[in-house]
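One structure is given below, encoded as structure tokens.
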Amino acid sequence: MKKYFALLLTLAMVLSLAACGGDKPASPDTPADVDGAATVFATVEEGKLHMSTNAEFPPYEMTTDAGGFEGIDVEVADAIAKKLGLELVVDDMGFDAALTAVQTGQSDIAMAGITVTDERKEVMDFSDSYATGIQVVIVKEDSPIQTVDDLANAEMIGCQKATTGYIYCSDSPENGGYGEDHVTAYDTGALAVMALVNGQIDAVVIDNEPAKSFVAANEGLKILDTEFAVEDYAIGFAKGNTALLEAVNAAMAELKADGTFQNIVDKYITAE
Ligand code: ARG
């Protein structure tokens with residue numbers, strides 16, 4: 001029953017792609033257009049698209065005062081779910097748990113400003129990239145740390161647990177890191193920033209958009225001009241969940257083509 005339902009949705013998507021083909025020709029090899037059987041997908045819960053995330057990452061995912069969720073990832077996932085005829089369910093958990101949940105089939109997608117890395121590609125599949133993330137350094141305004149090179153002199157750097165910032169910084173100096181002894185992992189980026197404000201650590205390495213929001217929310221902090229690393233964000237899937245991945249890629253391509261994606265981004269990120 002579930003499979004049949006998904007197949008109908010896939011056909012509906014193909015038809016709608018064909019119907020709105022005025023500006024872009026319906027190409028026979030768009031993912032949703034490959035032969036029906038290959039694009040059948042099932043979801044964790046019938047009629048729902050479960051997204052595992054860590055809603056501690058503004059402006060990509062955060063909680064609202066009313067106890068709901070908002071942010072770029074949340075709204076884009078909601079728009080994708082609607083295109084697939086599904087209802088989005090946001091499952092909020094630790095960042096490492098959000099990555100594991102999709103690998104173990106507890107969620108359909110992991111969407112949490114997730115950086116594509118070779119190590120993660122070994123345990124999960126990724127959609128087409130939808131954003132660029134930059135690892136930046138937050139310090140106190142009067143910090144002796146003025147450039148990324150000065151990070152080598154930091155006694156202690158704070159990062160969110162299991163993030164690429166943590167992975168790079170805790171790596172050995174031979175590999176461009178600072179060693180585990182010089183990096184503290186916090187459950188959230190906000191907790192790392194609080195430790196910086198309190199003088200417990202010398203710097204925080206975190207993605208640029210959350211960094212901007214944390215700096216805006218706290219007095220006396222700044223982001224260094226020099227960048228630590230440039231990365232691609234993508235949606236994570238269980239390995240081999242190709243039919244759902246292709247359907248999501250097709251839905252995302254439509255959202256990009258019709259301007260919906262950019263409208264969501266512009267709602268949360270104002271160009272300087
Ligand atoms: N881009 C970084 C990574 O993939 C950090 C993502 C953290 N996301 C979050 N929702 N807390 O490791």
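Numbering of ligands and ligand atoms starts at 1, following listing order. Positions are given from 1, in the same order as the sequence printed here.
A donor-acceptor pair under 3.5 Å is absent between the side-chain atoms of S143 and the main chain of V139, judged by distance alone. Judged by distance alone, the side chain of D150 and the main-chain N or O of Q146 form a donor-acceptor pair under 3.5 Å. Between the side chain of D202 and the backbone N or O of M156, at least one donor-acceptor pair lies under 3.5 Å. A donor-acceptor pair is defined here as one N or O able to donate and one able to accept, closer than 3.5 Å; such a pair exists between the side chain of Q160 and the backbone of D187. Between the T226 side chain and the V148 main chain, a donor and an acceptor come within less than 3.5 Å of each other.
Contact annotation for T163 and ligand 1: heavy atoms of both the backbone and the side chain come within less than 4.0 Å of the ligand.
Of the protein's non-hydrogen atoms, the one nearest atom 7 (C) of ligand 1 is F57 CE1, 3.4 Å. At the shortest separation from atom 8 (N) of ligand 1 among protein heavy atoms lies A112 O, 2.7 Å. What sits closest to atom 6 (C) of ligand 1 on the protein, heavy atoms only, is G113 O, 3.4 Å.
Note on ring orientation: taking the six-membered ring where Trp is involved, the planes of F261 and Y130 are perpendicular (angle over 60°, cut-offs 30° and 60°).
The residue from I114, N54, T164, I134 that puts a heavy atom closest to atom 12 (O) of ligand 1 is T164.
At a threshold of 4.5 Å between non-hydrogen side-chain atoms, the residues S172 and Y178 do not count as touching.
Close approach of ligand 1 to Q160 (heavy-atom distance below 4.0 Å) involves ligand atoms 7 (C), 11 (N). Atoms of ligand 1 found under 4.0 Å from any heavy atom of D207 (numbered from 1 in listed order, with element): 1 (N), 2 (C), 5 (C). Below 4.0 Å from some heavy atom of R120 lie the following atoms of ligand 1, by number and element: 3 (C), 4 (O), 12 (O).
Within the 4.0 Å heavy-atom shell around ligand 1 one does not find G133. Distances from ligand 1 to the non-hydrogen atoms of Y233 include at least one value under 4.0 Å. The shell of residues lying under 4.0 angstrom from ligand 1, judged by heavy atoms, excludes E56.
A salt bridge is absent between K239 and E122; no separation between the charged side-chain nitrogens and carboxylate oxygens falls under 4.0 Å.
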